[in-house]
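Okay, structure first, notes after.
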Amino acid sequence: MNSRRDFLQKLGISAIALHLAPLSGWADSKNNQEDAYDGPVLRVAIMGLGSYGTRVAEAMRSCKKAKLVGVISGTPSKIKDWQSKYGIPEKNCYNYENFDNIKSNPDIDAVYVITPNGLHHDEVIRVAKAGKHVICEKPMALNAKQGQEMIDACKAANVKLLVGYRMHFEPKTLEVIRMRKAGDFGKIKFFQGLCGFTIGDPTQWRLNKQLAGGGSLMDIGIYAINGSRYMTGENPVWVTAQETKTDHEKFKEGVDETIEFQFGFPSGATASCLSTYAMNNLDRFFLNGDKGFAEMQPSTGYGPIMGRTNQGELTQPITVHQTVQMEEMSDIIFKGKQPVVPVDGYEALKDLKIIDAIYLAVKTGKKVDLSL
Ligand code: NDP
């Protein structure tokens, strides 16, 4: 059964129509903004020219407030390729040995770190010491201790630290948050977050404890963790968690295949979540209150995000998440704009504290109290 197709059929609308109509609306409004924009442009160097770095670079082609101007990579052939694709001058190209020299490059404002998780800590601190703003991919670090050190380094260097929480700028997500704040769902009672996919190549860094910091929880479970917080509007005060592993060859010691975890919030609401590298078709959020509900599926994929509430279908525009994120981050860095849901180091630190607590709960089999 194809639940997405069924959902679209119920709406009486084709997938193509759904895809194109809001996109053109978005493009129109964006074009108007583009014509009018004459403010500062965030000049960004991407570190780590992999799969997600490529997606961000492509999305930035449509940005007006941010521009890709530099690269940091360990692969000379990729540097050449990106230079010709994005018109990047030689003087803005670095490798992992010499990127501290970015300090004396006045043409780069910020570095976007898009490397494996285990490298973020040291790289972000080096970028901060070079005096550049940092955008870091999720998870910001491997644990809360590292996260705090990164925040401290950026503070000491007087640079901004932002984390690539692209869902914080996604229109349907923001609408559900608006409705929850307006009381449309009543008192929030429950959140469910299901996040997972079947992972392939057993040699990839995502299955390497040193580089990944764990398994599915670090990579995809973090969406349910972060989502439980922005959907309910609360931070958990306790965590319980259980791990199951069916493939001990692929998922070695310290690399989780599947973890189910539960949160309790100060209001008495609870959350029940699943993070896995062993199942597909898991990208679903469900928020329930005593007056209404919101369900989103897909809830965190690259899009289109789809969903409905007790009041009907969510019809906000489909966006390219990374384009909007970079436009907004330019405003956060240059104009001090406050996003509806924060994307700073402190926001990421909360997720890292929760991740630490989940792994501790798995290890001890006990409920872990949290104070965020
Ligand atoms: P990839 O493996 O596709 O790319 C990572 C890149 O990092 C590599 O291509 C390489 O680039 C560089 N790198 C440096 N050192 C290493 C190393 N030791 N092993 C492997 N690569 C290395 O990973 P992704 O792009 O999928 O993920 C990168 C980060 O982005 C992760 O933190 C991930 O969680 C996050 N991410 C976020 C998403 C989101 O939606 N916000 C989605 C996907 C990923 P080079 O050759 O240029 O040095």
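Remember, it's 1-based here, ligands and their atoms both numbered in the order they're listed.
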- L119: numbered ligand 1 atoms lying under 4.0 Å from its heavy atoms: 14 (C), 15 (N), 16 (C)
- Message: I'd like to check which ligand 1 atoms, numbered from 1 as shown, lie under 4.0 Å from a non-hydrogen atom of G164.
- Response: 41 (N)
- Item | Ring-face cation of R55 near Y302 (centre distance under 6.0 Å, axis angle within 45°) | yes
- For R166, counting its heavy atoms only, list the atoms of ligand 1 lying under 4.0 Å from any of them. 39 (C), 40 (O), 41 (N)
- Item | Closest to atom 22 (C) of ligand 1 (judged by heavy-atom distance), picking from G213, P116, S73 | P116
- Message: If the contact criterion is a heavy-atom separation under 4.0 Å, does W82 count as touching ligand 1?
- Response: no
- Item | Side chains of F197 and D283 in contact at under 4.5 Å (non-hydrogen atoms) | no
- Within-4.5 Å side-chain heavy-atom neighbours: Y359 and E243: no
- Message: How about CG on D290, more than 12 heavy atoms from neighbouring residues, nucleotides or ligands closer than 6.0 Å, or not?
- Response: yes
- By number and element, which atoms of ligand 1 are closer than 4.0 Å to a non-hydrogen atom of H120? 32 (O)
- May I have all residue pairs that pass salt bridge (charged side-chain N to carboxylate O under 4.0 Å, His left out) and include part of residues 83-96, sequence neighbours excluded? K91-D107
- Under-4.0 Å heavy-atom contact with ligand 1, by part of M218 that carries it: neither
- Item | Pair F191 and F286, ring centroids less than 6.0 Å apart | no
- Task: Counting heavy atoms only, name the option from E137, R55, K138, R206 that's nearest to atom 44 (C) of ligand 1.
- Result: R206
- Query: Which of the atoms in ligand 1, numbered in the order shown and given with their element, are less than 4.0 Å from a heavy-atom of Y302?
  - Reply: 40 (O), 42 (C), 43 (C)
- Item | Numbered atoms and elements of ligand 1 in range of Y223, under 4.0 angstrom, heavy atoms | 38 (C), 39 (C), 40 (O), 41 (N)
- Message: Testing the 3.5 Å rule here: is there a donor-acceptor pair between the side chains of D219 and Y277?
- Response: yes
- Shortest heavy-atom approach to atom 46 (O) of ligand 1 - which of I79, T75, N95: T75
- Message: Tell me which pairs pass side chain to side chain donor-acceptor pair (under 3.5 Å) where either residue lies in residues 258-269, with sequence neighbours left out.
- Response: E234-S267, T240-Q262, Q242-Q262, T258-T276
